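Some notes on the structure that comes next.
The figures that follow rest on heavy atoms only: side chains count, while hydrogens, waters and symmetry mates do not. Only a predicted model underlies this, so the values are computations on that prediction, with no experimental measurement involved.
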Amino acid sequence: MPRDPDPPPAKRFKPGSPFFRLDKKKPGMLLPRAGHAAVGVDTQRKQLPIYQSRTQLINQIRQLHNAVFIGETGSGKTTQIPQYLYEAGIGRQGIIGITQPRRVAAISLAARVAEEKKVQLGKLVGYTVRFEDVTSSETKLKFMTDGMLLREAIGDPLLLRYTVVILDEAHERTVHTDVLFGVVKAAQRKRTEQNKIPLKVVVMSATMDVDLFSQYFNKSPVLYLEGRQHPIQIYYTKQLQSDYLQAALVSIFQIHQEAPASHDILVFMTGQEEIEVLARTCRDISKHLPESCGPMTVVPLYASLPPAQQLRVFQPAPKGSRKVVLSTNIAETSITISGIKYVIDTGMVKAKCYNPDSGLEVLAVQRVSKAQAWQRSGRAGREDAGSCYRLYTEEEFDNLANMTVPEIQRCNLASVILQLLALGVPDVLNFDFMSKPSPESLRTAVEQLCILGAVDRKDDQVSLTPLGKKMACFPLEPRFSKTLLISPDFSCAEEVLTIISLLSVDSVLYNPPARRDDVLAVRKKFISSEGDHMTLLHIYRAFKKVSGNKDWCRENFVNSRNMGLVLEVRAQLRDICIKMNMKLESSLSDLTNVRRCLAHGLFMNAAELQPDGSYVALDTHQHVAIHPSSILFQAKPACVLFNELLHTSRCYMRDLCLVDADWLQEAAPEYFRRKLRATKS
DNA sequence: GAGCACTGC
């Protein structure tokens with residue numbers, strides 16, 4: 001099988017200014033051509049390049065316990081390999097599970113494979129994602145989110161229902177995939193030891209950099225899959241660009257003046273504000289260009305955009321007009337836009353960094369990795385040859401990190417540790433991670449679980465308490481599952497269910513800046529002096545009273561999509577509570593108990609007013625401030641809980657709840673005694 | 001008196 005993509009073609013595009021230089025050394029990244037709709041699915045399957053290697057592939061996989069595949073996204077590997085295995089009778093005693101980092105991918109892949117096998121979705125071919133299980137006892141090819149397989153593993157750590165697990169999109173290195181690496185490896189070893197049916201593990205990645213995968217899975221062979229792909233010409237800037245936004249603007253109009261109008265442009269940027277500003281500038285400039293230039297349709301794209309506006313990226317621009325999509329990294333993986341001929345890569349991304357000592361997560365603009373830069377350029381060649389303009393020099397590219405730091409090395413690990421313990425991993429601190437998180441990060445996580453009463457520590461051994469075991473059953477952050485589990489003691493489980501559901505999805509509050517005064521006026525009727533949590537609870541109750549009426553949502557600036565999610569999350573959590581025989585009561589109008597309960601679960605996120613009017617977080621002793629969006633912004637209460645700290649111009653607490661300092665002491669006397677000692681020394 | 005990339009159970 002070929003190891004390298006085809007070399008790029010002759011230079012097809014001559015930039016009008018000396019701004020860019022062509023990369024002659026590095027091959028372009030290549031991507032697949034879409035299947036031809038007029039041809040039947042069987043013919044389409046046979047036309048995929050992977051079909052040529054079918055027999056060879058099957059013979060190889062049959063003999064292997066582990067294999068690593070490299071092939072571009074959509075090269076057919078994800079839809080074909082599970083079918084090849086099934087058709088060859090490999091793993092027929094059980095299920096072939098294929099994991100995906102995203103829900104939509106799991107669903108659409110299952111639908112595609114069911115179509116190819118000419119079966120009804122949910123029979124032979126099915127999928128499982130949160131809130132949706134379209135499988136049956138007949139299901140042999142099961143597409144699922146990686147988080148879902150991880151959940152399943154808690155009830156079945158050896159994954160005995162599965163004979164093959166295919167971990168797809170492994171290069172993305174999500175926390176879930178990374179934990180799964182260790183889980184499937186351990187399951188594989190134990191099944192061999194116990195003489196059970198062996199488990200085959202297949203890792204699929206889009207990047208060539210797969211040594212780590214191969215090493216980790218017992219030096220498994222790496223198989224290269226040829227894709228039917230289009231060449232992409234890469235350009236770099238000749239000099240360093242001090243202002244990537246300015247450089248993006250120049251590049252957009254450079255292309256706009258020279259390329260045919262049907263060639264669309266995709267620009268990768270860092271965030272909403274930046275995108276909206278550049279969109280306005282582009283629209284302004286394009287109005288004042290000579291007529292020979294033709295019009296421009298500028299479309300912003302980011303996750304918090306209302307769904308209707310997101311759909312605009314799929315609409316073709318009016319005839320003669322060029323579409324310019326300004327996007328965050330949502331267009332790197334989650335959303336695929338057809339017709340893109342040019343990609344402009346600013347080389348920057350907004351990403352979360354985690355400081356394990358302070359426990360603080362900071363969202364910061366950073367450089368992309370090489371892998372990410374290739375992913376971005378690949379978006380230019382979905383249907384035909386394309387070009388990618390990198391707004392940095394070739395030298396800067398060479399100095400980029402090869403891979404993005406795996407998420408597991410930059411997040412709070414409390415949930416991961418709890419889940420591993422629930423899986424029965426004996427020595428969590430020495431779990432066989434493919435990329436080990438820092439010891440401080442592991443220690444902080446165990447410490448947090450200990451304070452919450454989820455784990456016991458003896459010497460270096462960490463074990464789950466009965467409470468911790470229950471906490472692991474909820475798809476929630478540990479602090480939230482703890483709060484929910486103690487809510488029956490305060491006779492307010494129904495309210496806590498609502499509040500925790502509201503806190504675990506994106507905000508249900510819609511705040512269009514242009515209508516600020518209207519928003520404030522309308523929101524007055526829900527305000528609770530007890531804080532943001534109780535205000536949210538009021539909004540939820542009002543929403544339920546009108547049965548989720550869409551007009552009501554619009555009038556009250558409530559995001560109905562997110563509110564719908566709240567209902568789903570709440571129903572799922574409530575089911576788990578019922579299975580646990582928890583007493584579900586409502587505290588009705590008196591919300592003091594609810595706040596008292598929150599204090600007992602979320603005491604680690606508390607802050608106290610200082611004599612000078614500022615606040616200090618009790619856990620880390622750092623100075624914090626109330627975010628101006630909070631209901632309590634002007635109230636200056638003596639003691640508050642907060643849902644999260646947001647580090648921007650200052651360290652802000654968001655989503656606050658008024659509490660009594662005594663409640664916190666009651667909730668965790670030992671913890672606060674220690675904190676006090678730490679302050680004095 | 002601020003302004004938050006993207007997933008997922």
Side-chain angles (χ1 to χ4, degrees), chain A residues 99-106 128-133 144-155 169 172-180 268-277 301-305 327-335 346 348-353 361-366 368 372 375 404 406-408 410-411 415-416 418-419 422 471-478 480-481 500-501 504-507 509 511-513 516 520 565 568-569 572-573 575-576 625-634 636 643-655:
Chain A
T99 69
Q100 293 293 321
R102 283 169 292 280
R103 294 164 52 91
V104 273
T128 305
V129 297
R130 191 179 186 184
F131 310 128
E132 240 187 308
D133 180 13
M144 59 208 302
T145 43
D146 43 19
M148 212 63 214
L149 184 59
L150 213 47
R151 278 272 141 210
E152 267 191 35
I154 292 178
E169 310 283 10
E172 290 192 26
R173 303 294 304 274
T174 68
V175 178
H176 288 154
T177 316
D178 263 34
V179 177
L180 273 179
F268 283 103
M269 307 179 52
T270 70
Q272 173 175 348
E273 196 188 350
E274 195 176 273
I275 286 172
E276 293 294 355
V277 168
L301 177 64
Y302 43 87
S304 61
L305 212 59
S327 173
T328 61
N329 41 348
I330 194 170
E332 266 173 33
T333 49
S334 303
I335 292 180
T346 58
M348 304 305 268
V349 65
K350 203 179 281 184
K352 206 179 257 177
C353 326
E361 289 175 336
V362 184
L363 208 54
V365 173
Q366 325 167 22
V368 295
Q372 222 171 344
Q375 179 70 27
T404 311
E407 201 186 350
I408 201 149
R410 47 189 175 92
C411 72
S415 305
V416 169
L418 186 68
Q419 221 156 14
M471 283 166 62
C473 296
F474 290 96
L476 288 171
E477 282 177 50
F480 289 151
S481 48
I500 281 173
S501 305
S504 49
V505 305
D506 285 337
S507 179
L509 307 179
N511 297 316
R516 241 189 88 199
L520 286 175
L565 255 171
E568 282 193 295
V569 172
Q572 186 189 27
L573 298 178
D575 275 351
I576 300 171
I626 299 180
H627 196 276
S629 68
S630 172
I631 295 294
L632 297 179
F633 180 63
Q634 274 149 341
K636 294 266 174 193
N643 189 41
E644 61 175 352
L645 285 178
L646 181 72
H647 198 107
T648 49
S649 56
R650 299 168 74 182
C651 199
Y652 285 110
M653 303 179 276
R654 276 213 313 195
D655 293 323

Test item: Glu407(A) side-chain N/O and Val175(A) main-chain N/O as donor-acceptor pair under 3.5 Å: yes
Touch class at under 4.0 angstrom, heavy-atom based, for Arg151(A) against every strand present: base
Sugar-phosphate, base or nothing in reach of Ile330(A), heavy atoms under 4.0 Å: sugar-phosphate
5' to 3' contact window, DNA chain B with chain A (heavy-atom distance under 4.0 Å): dG1(B) to dC9(B)
Donor + acceptor pair across side chains of His627(A), Ser629(A) (<3.5 Å): yes
Sugar-phosphate, base or nothing in reach of Ser415(A), heavy atoms under 4.0 Å: nothing
Check: Arg102(A) side chain, Ser334(A) main-chain N or O, donor-acceptor pair, under 3.5 Å: no
Under the side-chain contact (heavy atoms from CB on, under 4.5 Å) test, residues paired with Ala351(A) that sit two or more places apart: Gln366(A)
Touch class at under 4.0 angstrom, heavy-atom based, for Thr145(A) against every strand present: sugar-phosphate
Whichever of Lys350(A) and Leu476(A) has its nearest DNA chain B nucleotide further upstream toward 5': Lys350(A)
Toward the 5' end of DNA chain B, by each residue's nearest nucleotide, Pro475(A) or Asn511(A): Asn511(A)
Test item: Thr328(A) side-chain N/O and Gly271(A) main-chain N/O as donor-acceptor pair under 3.5 Å: no
Touch class at under 4.0 angstrom, heavy-atom based, for Val129(A) against every strand present: sugar-phosphate
Sugar-phosphate, base or nothing in reach of Glu332(A), heavy atoms under 4.0 Å: nothing
Touch class at under 4.0 angstrom, heavy-atom based, for Arg103(A) against every strand present: sugar-phosphate
Sugar-phosphate, base or nothing in reach of Tyr302(A), heavy atoms under 4.0 Å: sugar-phosphate
Any donor-acceptor N or O pair under 3.5 Å, side chains Glu276(A), Tyr302(A): yes
